[in-house]
Student: 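One structure coming up, written as structure tokens, with questions to follow.
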Amino acid sequence: MTFPNPLIPGFSPDPSVVLADGVYYLVTSTFEYLPGIPVYRSTDLVTWTHIGNVATRPEQAGVDDVATGGGVWAPTIRYRDGVFYVIVTIAMSPRGCVVFTATDPAGPWSDGITIEGVDGIDPDLSWDDDGTAYVTFSGLYTSGEQMGQHLGIQQVQADLAAGKALETPRSLWSGTGLKFPEAPHLYHRGDYWYLLIAEGGTERGHSVSVARGPSPEGPFEGHPANPVLSARSTSRPIQNTGHADLVDTPAGGTALVLLGVRPLGLTQSFSPLGRETFITPVSWADGWPQPGPVRLAPRDAVDEEIFDFADPSALEDLGWLAVRTTPGSVASVVDGRLAITGHAGLDDPRPQFVGRRQRHLTATVSTTVDASRGAGGLAARYDEEHWICLEVRGTVVTARAQVAGLAQSWQATVPAADVELCMEMILPSAGLNFAAMGGDRIRLLAAGTLIAELDGRYWTAETCASFTGRVIGLYASAGTVSFAGFRYRGAEA
Ligand code: 6LW
């Protein structure tokens, strides 16, 4: 069985999957973006449809004040007795470890109950045969005096309805000693309970390790050849592989969904899209799971999304994202155009920006903007310190590049009213110096004229030290600007 890889391209880290009544549902992290926790559906583990989002109401995730990089970290989705559960940590926020429920995974989901007594990240949910609910998590404090302290893999029995742990956390097996034992998932298979974790950190040293034991509480014995999966020190095209969740395949086999990155160039140093979702088959030997190496198999179809705002429902598409608020509170469709009123620049923690994940290494994004009554345009962002934009104000277009406080800009004049803006992300062509071959090229065009061409290395997960990925979209920084449409065309090289 050859799976497409990436399975969910673009900024889609920390995947968790569940098989419920023959249908697969998968969720990923969203950090400071809303709507939070996208839900994807599949009947064959190959073709996936974005059917909803868990956190569609700001109060559910409570990310409006989280620091960049905080917010919605690593959800786990599970299904029991007709109810879907998503348990997740809202990191660097008082919201803590939260359980959301729904009977329809497309939503609506519940407001969410905080589980008191679970101080950590990457919570997993499992039930013993007698119905006892277990929350197994990584004991990393993300707020308070103990911020950064790591207690390894921990577990409590919990009363989910009451929102509380029923005991003080117990320490479980925490891997082979690599840093950051995290992303625990428990599975009852045959005679064993399996504890799958990530260790080594989510960068190049990321790994998957597994242990097994007689009960959900262990004791757990590690696989003799742990970590059972890692791309570290290999030249595999998919790196950082880890943070995995196990699932049965339609063909009766087993597979892992997990995160990884696609760094460019010989040195494999820079990943424009951030952490994506991948999949790899798992074989079994002596009652132990053995994941196969994660193979690159991008879908070769050209992927096009065209939003014409003459259709008022265009902004309701599930893939739109906004920063610490909902897309609908930033933009609205007025007279067949998308209108955004700007109060601050892209360096603000709450920019008036709505965007979509860049999902292909080569992509073209374009729009037509009327900025006769304000300033705004097209932008690609990692966070408020790392972004690129084409901003129109009246008849002047300014291309700006911002990297951690360093900024550069280029200007040109454009015809009044509707101006075509375009961003082209292309792979480096021969003739560039060795290092620059490690990044993509980002070409900024206005009214068909090239305003600037940028070295994409500076807007990658590594350079931005970011948990997220590239999000490209529309924004206003002052006054009201309006957009006729938004076009995304992506293809794997
Ligand atoms: C996630 C954890 C991690 O909770 O990063 O580095 C966090 N590993 O597993 C955010 O993705």
Side-chain angles (χ1 to χ4, degrees), residues 8 10-17 26-33 36-38 54-55 61 63 66-77 86-93 95-98 115 118-125 135-143 147-154 172 174-175 178-186 195-210 227 229-232 239-246 256-261 271 273-278 357 382-383 461-462 464-469 471:
I8 312 278
F11 155 40
S12 304
D14 311 325
S16 173
V17 64
L26 185 149
V27 292
T28 59
S29 298
T30 41
F31 304 90
E32 67 264 28
Y33 284 99
I37 317 175
V54 173
V63 296
V66 292
T68 294
V72 174
W73 280 25
T76 291
I77 187 166
V86 165
I87 187 168
V88 66
T89 292
I90 316 295
M92 304 178 201
S93 131
R95 200 86 171 92
C97 173
V98 182
I115 309 293
V118 174
D119 297 311
I121 64 168
D122 303 0
D124 171 76
L125 197 47
V135 176
T136 307
F137 58 100
S138 174
L140 173 69
Y141 286 88
T142 62
S143 55
M147 178 142 173
Q149 199 187 335
H150 206 306
L151 305 175
I153 303 298
Q154 309 238 293
L172 295 187
S174 288
L178 298 179
K179 68 175 182 176
F180 296 144
E182 54 199 4
H185 287 303
L186 262 184
L195 174 58
L196 192 75
I197 71 166
E199 52 177 337
T202 196
E203 304 80 21
R204 296 290 187 273
H206 215 186
S207 310
V208 175
S209 293
V210 63
L229 176 72
S230 182
R232 64 186 179 186
Q239 291 286 322
N240 300 28
T241 46
H243 201 121
D245 200 2
L246 196 69
L256 283 182
V257 296
L258 70 175
L259 75 81
V261 295
S271 316
L273 307 186
R275 298 177 302 163
E276 310 175 88
T277 290
F278 294 87
R357 299 163 172 87
Y382 252 93
D383 57 38
E462 294 83 1
C464 305
S466 173
F467 278 149
T468 65
V471 175

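Whatever order the structure lists ligands and atoms in, that order sets their numbers, starting from 1.
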Student: Find all atoms of ligand 1 within a distance of less than 4.0 Å from any non-hydrogen atom belonging to A74, and give their numbers and elements.
Tutor: 4 (O)
Student: Relative to the heavy atoms of H243, which atoms of ligand 1 are at a distance of less than 4.0 Å?
Tutor: 9 (O)
Student: Taking R357 first and then E276, would you say they form a salt bridge - that is, a charged N and a carboxylate O separated by under 4.0 Å?
Tutor: no
Student: For A183, does its backbone N or O pair with a side-chain atom of D122 as donor and acceptor, under 3.5 Å?
Tutor: yes
Student: Would you check if there is a donor-acceptor pair between the side chains of S12 and T28 at a distance under 3.5 Å?
Tutor: no
Student: Of all the heavy atoms in R275, does at least one lie under 4.0 Å from an atom in ligand 1?
Tutor: yes
Student: Among protein heavy atoms, which sits nearest to atom 7 (C) of ligand 1, and what does the distance come to when rounded to 0.1 Å?
Tutor: W73 CE3, 3.7 Å
Student: Counting heavy atoms only, which part of T202 comes closer than 4.0 Å to ligand 1: side chain, backbone, both or neither?
Tutor: both
Student: State whether the side chain of S466 and the backbone N or O of A461 hold a donor-acceptor pair below 3.5 Å, judged by distance alone.
Tutor: no
Student: What are the atoms of ligand 1, with element, lying closer than 4.0 Å to any heavy atom of D14?
Tutor: 1 (C), 10 (C), 11 (O)
Student: Do side-chain atoms of S16 reach the backbone of V27 as a donor and acceptor pair under 3.5 angstrom?
Tutor: no
Student: When you measure from the side chain of S138 to the backbone of I121, do you find a donor-acceptor pair of N or O atoms at a distance under 3.5 Å?
Tutor: no
Student: Can you tell me if D14 and H243 form a side-chain donor-acceptor pair at under 3.5 Å?
Tutor: yes
Student: Assess F31 for proximity to ligand 1: is some non-hydrogen atom of it under 4.0 Å away?
Tutor: yes
Student: Nearest to atom 8 (N) of ligand 1, what protein heavy atom do you find, and at what distance?
Tutor: E182 OE2, 2.8 Å
Student: Who's the nearest protein heavy-atom neighbour of atom 9 (O) of ligand 1, and how far?
Tutor: D122 OD2, 2.6 Å
